[in-house]
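For reference, the structure discussed in these notes is given below.
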Amino acid sequence: MTRIAFIGLGNMGLPMAKNLLTAGHYVMGFDLVESALAGLVAAGGKAATSATASLDAAEVVITMLPEGKHVREVYGNAVISNAPSEALLIDCSTIDVESARAVAANATEAGFDMVDAPVSGGTGGAEAGSLTFMVGGGNLAFERAKPYLDVMGKTIVHTGGAGNGQAAKICNNMILGISMIAVCESFSMAEKLGLDAQKLFDITSTSSSQCWAMTNYLPVPGPVPNSPANRDYQAGFTAAMMAKDLNLAQDAARSTGHDAQLGAHALKLYEQFVGQGNAPLDFSGIYRMIHGN
Ligand code: NAD
């Protein structure tokens, strides 16, 4: 049993922490939202009164926070100065490469082993313990982190040094944002052509256009029973977070002189959708805007 501090118990963090509890670890969690803490306690974990309090005697510290500014704040105000010196630090949030590298440099300077380990697989993958982890950091830190990532995920890839996990994640999510829009456009057009969504799905899900946005997250109700389209686009992975990740991808593209045109257009569409008051909706809800309802 390892003593784990888990900071950020939202849509992803809570089910990930639950899997660590199921595997027999001790989890002391912290979140700003009371109901998130209650969820952890109901699953057998302990609730801390602050991020600093959660670090008490921690052997592993895991963060699952919204953005780079939250990770910088939690590491700057709590983790670096209060985590036990032998603790392994794992940041699973999706954040900008620059913040990831800055936080890792501070952690390394303070003597910690740290990895950035953002995930793919959504809330379903977090619940099932089948996430993909993209891990940036040194070999020793990776080897220390792997047994815990194995509990929460199925595919664990060491992508290189600090920040490379985030680099892999934004490349992945740029594909996801673009492919979701492609699936929306085709299924919307199908309906307007009088083609049944199930029939189209039976073809596309086994043909050359097959992709995750279609087979796991279809943005129209029916053919994929667990997709957010069947629960009125309740998130899941919010439109605001997709816009955030597409922004991170454009930042990275600019910083390398790379021209990612479809990524830029996908960002424009997601910003428009978020600007219409849809920030908390699942990102597949962009179907409504594309379809025109
Ligand atoms: P979320 O908003 O549901 O959860 C984030 C949690 O962090 C919230 O409960 C919030 O209260 C908490 N928090 C914020 N600041 C805090 C602080 N200073 N101290 C303690 N807690 C704090 O977000 P999520 O969907 O769980 O996503 C978390 C990260 O994972 C994001 O970076 C996101 O991009 C990434 N991600 C999400 C999904 C998904 O499907 N939801 C998939 C892959 C990656």
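Counting convention: from 1, in listed order, for ligands and their atoms alike.
Of the protein's non-hydrogen atoms, F237 CD1, 3.4 Å is the one closest to atom 38 (C) of ligand 1. Atom 4 (O) of ligand 1 has as its closest protein heavy atom G10 CA, 3.3 Å. At the shortest separation from atom 37 (C) of ligand 1 among protein heavy atoms lies M12 CG, 3.5 Å.
Environment of CG in N226: sparse, with no more than 12 heavy atoms of neighbouring residues, nucleotides or ligands closer than 6.0 Å. For Q250, the CD atom counts as densely surrounded, since its 6.0 Å shell holds more than 12 non-hydrogen atoms of other residues, nucleotides or ligands.
Residue-ligand proximity, V119 to ligand 1, at heavy-atom distances under 4.0 Å covers atoms 43 (C), 44 (C). Numbered from 1 in the order shown, with element, the atoms of ligand 1 that lie under 4.0 Å from a heavy atom of K244 read 31 (C), 32 (O), 33 (C), 34 (O). Heavy-atom proximity to I7, at under 4.0 Å, picks out these atoms of ligand 1: 20 (C). Each of the following atoms of ligand 1 lies closer than 4.0 Å to a heavy atom of V33: 11 (O). Residue contact check: E73 has heavy atoms under 4.0 Å from atoms 18 (N) of ligand 1. Heavy-atom contacts of V74 reach the following atoms of ligand 1: 17 (C), 18 (N) (cutoff under 4.0 Å).
Residue contacts with ligand 1 include G236, since one of its heavy atoms falls under 4.0 Å from the ligand. Not a single heavy atom of A36 lies less than 4.0 angstrom from ligand 1. For the ligand labelled ligand 1, residue K169 lies inside the 4.0 Å heavy-atom shell.
Which of P280, P66, A48, G121 comes nearest to atom 32 (O) of ligand 1 through a heavy atom is settled by distance: it is P66. Nearest residue to atom 35 (C) of ligand 1 from D91, V71, T94 is T94 (criterion: closest heavy atom). Considering each of D31, D245, T132, L65, the one bringing a non-hydrogen atom nearest atom 22 (C) of ligand 1 is L65. By heavy-atom distance, the residue among L32, L14, N11, L9 lying nearest atom 1 (P) of ligand 1 is N11. Of the candidates E67, M241, M64, M241 brings a heavy atom nearest to atom 24 (P) of ligand 1.
Listed for the T159 side chain is a donor-acceptor partner under 3.5 Å among the backbone atoms of V135. Distance alone, capped at 3.5 Å, places no donor-acceptor pair between the D116 side chain and the C92 backbone.
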Salt bridge (Lys or Arg N to Asp or Glu O under 4.0 Å) assessment of D202 paired with K199: CA-CA 5 Å; D202 292 344; K199 299 281 183 210; 5.5 Å; no
S227 and N230: CA distance, side-chain angles, deciding distance, side-chain hydrogen bond (donor to acceptor under 3.5 Å, both in side chains) verdict: CA-CA 6 Å; S227 81; N230 297 291; 3.2 Å; yes
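Side-chain contact between F237 and D245: present, with at least one pair of heavy atoms (C-beta onward) separated by less than 4.5 Å. Residues L89 and V103 are not in side-chain contact: their nearest non-hydrogen atoms beyond the backbone lie 4.5 Å or more apart. D96 is not listed as a side-chain neighbour of D251, based on a closest heavy-atom distance of 4.5 Å or more. Using a 4.5 Å heavy-atom cutoff, the side chains of M242 and L176 are in contact.
Among the candidates Y287, Y217, Y233, the single residue satisfying the side-chain hydrogen bond (donor to acceptor under 3.5 Å, both in side chains) test with D282 is Y217.
Contacts between T238 and ligand 1 below 4.0 angstrom, taking non-hydrogen atoms only, are absent altogether.
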